[in-house]
Number of protein chains: 2
Amino acid sequence: MWRVEEIDRRIVTLLARDGRMSFTDLARETGLSVSAVHQRVRRLEKRGVLRGYTSLVDYDAIGLPMTAFISIKPIDPSAPDDAPERLKHLSAIEACHSVAGDESYILKVRVSSPIGLEELLQQIRAAANVSTRTTVVLSTPYEHRFPVPGEDEDAEEADKA
Amino acid sequence: MWRVEEIDRRIVTLLARDGRMSFTDLARETGLSVSAVHQRVRRLEKRGVLRGYTSLVDYDAIGLPMTAFISIKPIDPSAPDDAPERLKHLSAIEACHSVAGDESYILKVRVSSPIGLEELLQQIRAAANVSTRTTVVLSTPYEHRFPVPGEDEDAEEADKA
DNA sequence: ACTGAAAAATTTTTGGG
DNA sequence: CCCAAAAATTTTTCAGT
């Protein structure tokens, strides 16, 4: 896998901060011409570095105020593990991560109420033949931040002297 | 909190699927005029239902191929709990959720390597005076899906007869 | 790869029902 | 809250370096 270079990285960062930023603004921020950034963005899209764009939604406002993480474990460990396939019709599941550790997947889900969560858990257990462990989210101080590679280094000016 | 009505919900869903969809396309999909959808989108933004827009990034390509969930617990339970504040300067932390259960927060992080994760854990423990429990993500079958309220009901045509 | 500029399309404003 | 149309801006294409 190749390394995304400086100016492309800047474009990706800007679009992560504002997915609708115009090419005009991207050009101004990067010092390139409009057509140059345009070309770069299209290339980043084609190469899959930019996978798409989305809006950030207030889930309280649309009637899904409850978030939870559900860890799942197969009841029959010898059965083929196709849980993601079996669960993907459940639209409440925002994400599905395969993980190391005692359980096999972590799901992030959004539901309308405790009863909605209960029903979802039943559907998950039935669909994938798994046991579940649920962690309810109480609040979310922050989310959807953009991790920048090499930003958290401790001693950045060590080799200046 | 008021209820987002049908057509606004459709707009939100469309923009969740494609955050750069044009007003022209939104108008066609909703059957409204361009200015009507424009007005509605601006209102949804002002009311905070649409919180913003972002690009979906391939973290492998930008040098952050490793994802993990880190659960944290205060070492001194009597100290004031300002962990989110103390941690938010760490850009590797994509999200911070306060949760019910044995631990107090779940962090989602992106790092470049196992060593990067080790260093991040040290920084987290030092900055927030917490113990950590880490679950490494092996792969992500899906992510960033948009949960649609009322999509997972089992018996939808029960009261038709 | 980048630039500048023309052409095409979209966004935003305006005026009015 | 809705539409239609004008005005402003952006996106997209393209010839040239």
Side-chain angles (χ1 to χ4, degrees), chain A residues 1-65 144 146 148-150, chain B residues 1-64 144 146 148-151:
Chain A
M1 176 64 76
W2 58 288
R3 195 189 146 92
V4 177
E5 45 106 349
E6 183 53 27
I7 192 138
D8 280 342
R9 189 164 301 195
R10 177 120 186 83
I11 291 174
V12 170
T13 303
L14 288 164
L15 284 174
R17 267 206 268 283
D18 175 8
R20 286 187 82 108
M21 180 175 279
S22 70
F23 292 100
T24 308
D25 288 343
L26 286 172
R28 199 168 29 66
E29 295 284 341
T30 56
L32 290 177
S33 71
V34 173
S35 3
V37 279
H38 185 267
Q39 191 176 11
R40 278 171 181 267
V41 168
R42 291 296 177 246
R43 193 184 48 189
L44 288 166
E45 288 171 351
K46 176 137 32 181
R47 290 187 177 166
V49 179
L50 290 170
R51 304 164 69 88
Y53 305 89
T54 189
S55 56
L56 303 178
V57 174
D58 179 349
Y59 284 94
D60 287 357
I62 64 167
L64 295 174
H144 306 305
F146 181 65
V148 181
Chain B
M1 175 63 78
W2 58 285
R3 194 190 148 91
V4 176
E5 44 108 345
E6 182 53 27
I7 191 138
D8 280 342
R9 190 163 301 195
R10 177 122 187 80
I11 290 172
V12 170
T13 303
L14 288 164
L15 284 173
R17 267 206 267 284
D18 176 7
R20 284 187 84 108
M21 180 175 280
S22 70
F23 291 100
T24 308
D25 288 343
L26 286 173
R28 199 169 30 67
E29 294 284 341
T30 56
L32 290 177
S33 70
V34 174
S35 5
V37 280
H38 185 268
Q39 188 175 245
R40 278 172 181 266
V41 168
R42 291 296 177 246
R43 192 184 48 189
L44 288 165
E45 288 171 351
K46 177 137 33 183
R47 289 186 178 167
V49 179
L50 289 170
R51 304 163 70 89
Y53 305 90
T54 188
S55 56
L56 302 179
V57 174
D58 179 348
Y59 284 93
D60 287 357
I62 64 167
L64 295 174
H144 307 304
F146 180 66
V148 181
E151 276 252 318

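Residue numbers start from 1 in every chain, and the chains themselves are labelled A, B, ... in the order their sequence lines are given, proteins ahead of strands. Note that these values count all heavy atoms, side chains included, but never hydrogens, waters or copies made by symmetry. Only a predicted model underlies this, so the values are computations on that prediction, with no experimental measurement involved.
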For DNA chain C, what string of dots and brackets results from 5' to 3' when Watson-Crick and G-U pairs need both distances under 3.5 Å, crossing pairs get [ ], and pairs with another strand get |?
|||||||||||||||||
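Using a 4.5 Å cut-off on side-chain heavy atoms (C-beta onward), A:I7 and A:L32 make contact. Using a 4.5 Å heavy-atom threshold, the side chains of B:T30 and B:R40 count as separate. Residues B:V41 and B:L15 have side chains in contact (heavy-atom distance under 4.5 Å, counting atoms from C-beta outward).
Considering all non-hydrogen atoms of both residues, A:V148 and B:L64 come closest at C-CD1, 4.4 Å. The two residues B:P149 and A:I62 have their closest heavy-atom pair at CG-O, 3.1 Å. Counting all heavy atoms, side chain and backbone alike, B:G19 lies closest to B:Y53 at O-CD2, 3.7 Å. Residue A:V34 comes nearest to A:T24 through the heavy atom pair CG2-CA, 4.2 Å, listed as atom of the first residue, atom of the second, then distance.
Applying the salt bridge (Lys or Arg N to Asp or Glu O under 4.0 Å) test to every pair with at least one member in residues 24-33 of chain B, sequence neighbours left out, gives these pairs: B:R10-B:E29, B:D25-B:R28.
Looking at residues two or more places apart in sequence or on another chain, you find no side-chain hydrogen bond (donor to acceptor under 3.5 Å, both in side chains) involving A:R20. Under the rule for a ring pair (Phe, Tyr, Trp, His ring centres under 6.0 Å), the partners of A:F23 that lie at least two apart in sequence or sit in another chain are A:H38. A search for side-chain hydrogen bond (donor to acceptor under 3.5 Å, both in side chains) contacts involving A:R17 returns nothing, not counting sequence neighbours. Looking at residues two or more places apart in sequence or on another chain, you find a salt bridge (Lys or Arg N to Asp or Glu O under 4.0 Å) between A:R42 and A:E45. Here B:R51 pairs with nothing under the side-chain hydrogen bond (donor to acceptor under 3.5 Å, both in side chains) rule; sequence neighbours left out.
Once rounded to the nearest 0.5 Å, the distance linking CG of B:D8 with CG of B:L44 reads 4.5 Å. With values rounded to the nearest 0.5 angstrom, B:L14 atom CG is found 13.5 Å from B:R9 atom CZ.
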Contacts under 3.5 Å, N or O only, protein and nucleotides 1-4 of chain C:
residue	atom	partner	partner atom	Å
C:dA1	OP2	A:R43	NH1	2.1
C:dC2	OP1	A:R40	NE	3.2
C:dC2	OP1	A:R40	NH2	2.5
C:dC2	OP2	A:R40	NE	3.3
C:dT3	OP2	A:S33	N	2.6
C:dT3	OP2	A:S33	OG	2.7
C:dG4	N7	A:S35	OG	3.3
C:dG4	O6	A:S35	OG	2.6

For nucleotides 15-17 of chain C, tabulate all protein N/O to nucleotide N/O atom pairs closer than 3.5 Å, reporting atom names and distance.
none

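Only B:S22, B:F23, listed by number, bring a heavy atom of residues 16-23 of chain B to less than 4.0 angstrom from any atom of DNA chain C.
Extent of DNA chain D lying under 4.0 Å from chain B heavy atoms, first and last nucleotide in 5' to 3' order, is D:dC1 to D:dT11.
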